[in-house]
Amino acid sequence: MEKPSLAKHLLRQDGIVIPEKIFKQKFMEQFERALYSKQPIIVSYFFKKASNNMAECLNYENIEVFFNRLVSDKYYLEGKYCDLITEDDKKILNLVAKTSQSPVKDFLEISGPLVYLTEVIGELEEKWGEIPQTIQISVFIWLFSTTFELILHMTDRRLFAVILDDDSINNNDRRIVKFREDVKRDEYHDHALPGMINGVLQAILGMPPNNNSIFGNNSDPKSIRNKISHSNLFYDSEKNKIVRLDGKEYEVEDLLKYYFHMYQFLIKWIEISLDSPVQDIDLEQKFGGEMESFFNTYSQKFAKYQRYGYQKYFSMYIINLYREAKGSS
């Protein structure tokens, strides 16, 4: 019987579920062996050694392929649509990005869906002429829903951090209370719905309900996302239009434009978070430096078990980690 991955579960506890291609396989194997040793000094030394040689840990080649895809898509969208991001979108992006204590960790948190989305877009583009129109539109409808959900997740987690950290926010505001207490983030990994997030943005930024962001009451991306979620629209191949069950119709080009608005939102979030345009990001410096600090924190954490004679407690910690990992696998 295959043993559960303690390494992946440990990262998952910090909100990081990563695609296999981000870390090198050898690094993950050594990570597992260190944890299964149940020796805190071995785990601490592993992270210390890893922090001093990031090239042995991170697969920069695969990360670079992903960022090159983003750069290519960014230039394409700017050439076709200029900037679809509104001023209200930018207010939201600046708010959620400034709360980040570790931009690379934020990126890794959503790297799985992000890498998946860009791979789907790349393959769709590559095989465009071979795929029937109905399938093309179906894939884009899926992309639309998935991208919006990713933005909801990212925005939800950052807004939650803003509420916890900013004492100037009125925590008794009913919109803040519902956002803080009604969403089962830990239990079910849920995120707030667009309407609730829009309410929180009104409370924090003073934005009107019908603001011009992707969360605003009159937002077409939000409306389409809701219709997709409830299967309340379809593609009419005779008309070549997207039709809602209430009769409203969208041109296919409109659907693409609304989708690319969200995609630009994601790219801009990465740029603001990493404090650099995607085409200028020094991957080794940015990721290497951030991950070095991240691994050093882990190294110091596990060194304390050894330093204070808590080896027995560390063994219990690993046993509990094993049980949790086995239960969730």
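No hydrogens, no waters, no symmetry mates; every other heavy atom, side chains included, goes into these values.
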query: Looking only at heavy atoms, what is the nearest atom pair of Leu84 and Asp89, with distance?
result: O-OD2, 4.4 Å
- prompt: Cut-off 3.5 Å, side chains only: do Ser229 and Asn226 have a donor facing an acceptor?
  reply: no
message: Could you check whether Ser299 and Ser44, counting side-chain N and O atoms only, form a donor-acceptor pair closer than 3.5 Å?
response: yes
query: When you check the side-chain N and O atoms of Gln264 and Asp73, is any donor under 3.5 Å from an acceptor?
result: no
field: Charged N-O contact under 4.0 Å between Asp156 and Arg185
entry: yes
message: Do Asp166 and Ser168 pair up side chain to side chain, a donor and an acceptor below 3.5 Å, judged on atom types alone?
response: yes
- prompt: Hey, which of Asp88, Val200, Ile151, Leu193 is the one that makes side-chain contact (heavy atoms from CB on, under 4.5 Å) with Phe215?
  reply: Ile151
query: Between Pro40 and Gln306, which heavy-atom pair has the shortest distance, and what is it?
result: CG-OE1, 3.4 Å
Under 3.5 Å side-chain donor-acceptor pair for Arg244 and Asn232: no
message: Under 4.0 Å between a side-chain nitrogen and a carboxylate oxygen: does that hold for Glu29 and Lys26?
response: no
query: Does one hydrophobic cluster hold both Tyr60 and Met291, with members joined at side-chain heavy-atom distances below 4.5 Å?
result: yes
Salt-bridge contact Glu130-Lys127 (side-chain N to carboxylate O under 4.0 Å): no
message: Do the side chains of Asp83 and Lys90 get close enough for a salt bridge, i.e. N-O under 4.0 angstrom?
response: yes
field: Phe144-Phe140 aromatic ring centre distance below 6.0 Å
entry: no
message: Enumerate the side chain to side chain donor-acceptor pair (under 3.5 Å) contacts for residues 194-221, please, sequence neighbours excluded, ordered by first and then second residue.
response: Asn198-Asn211, Asn198-Asn217, Asn211-Ser213, Asp220-Tyr258
- request: Sequence neighbours left out, what pairs pass ring-ring contact (aromatic ring centres under 6.0 Å, His included) with at least one residue falling in residues 149-183?
  value: His153-His189
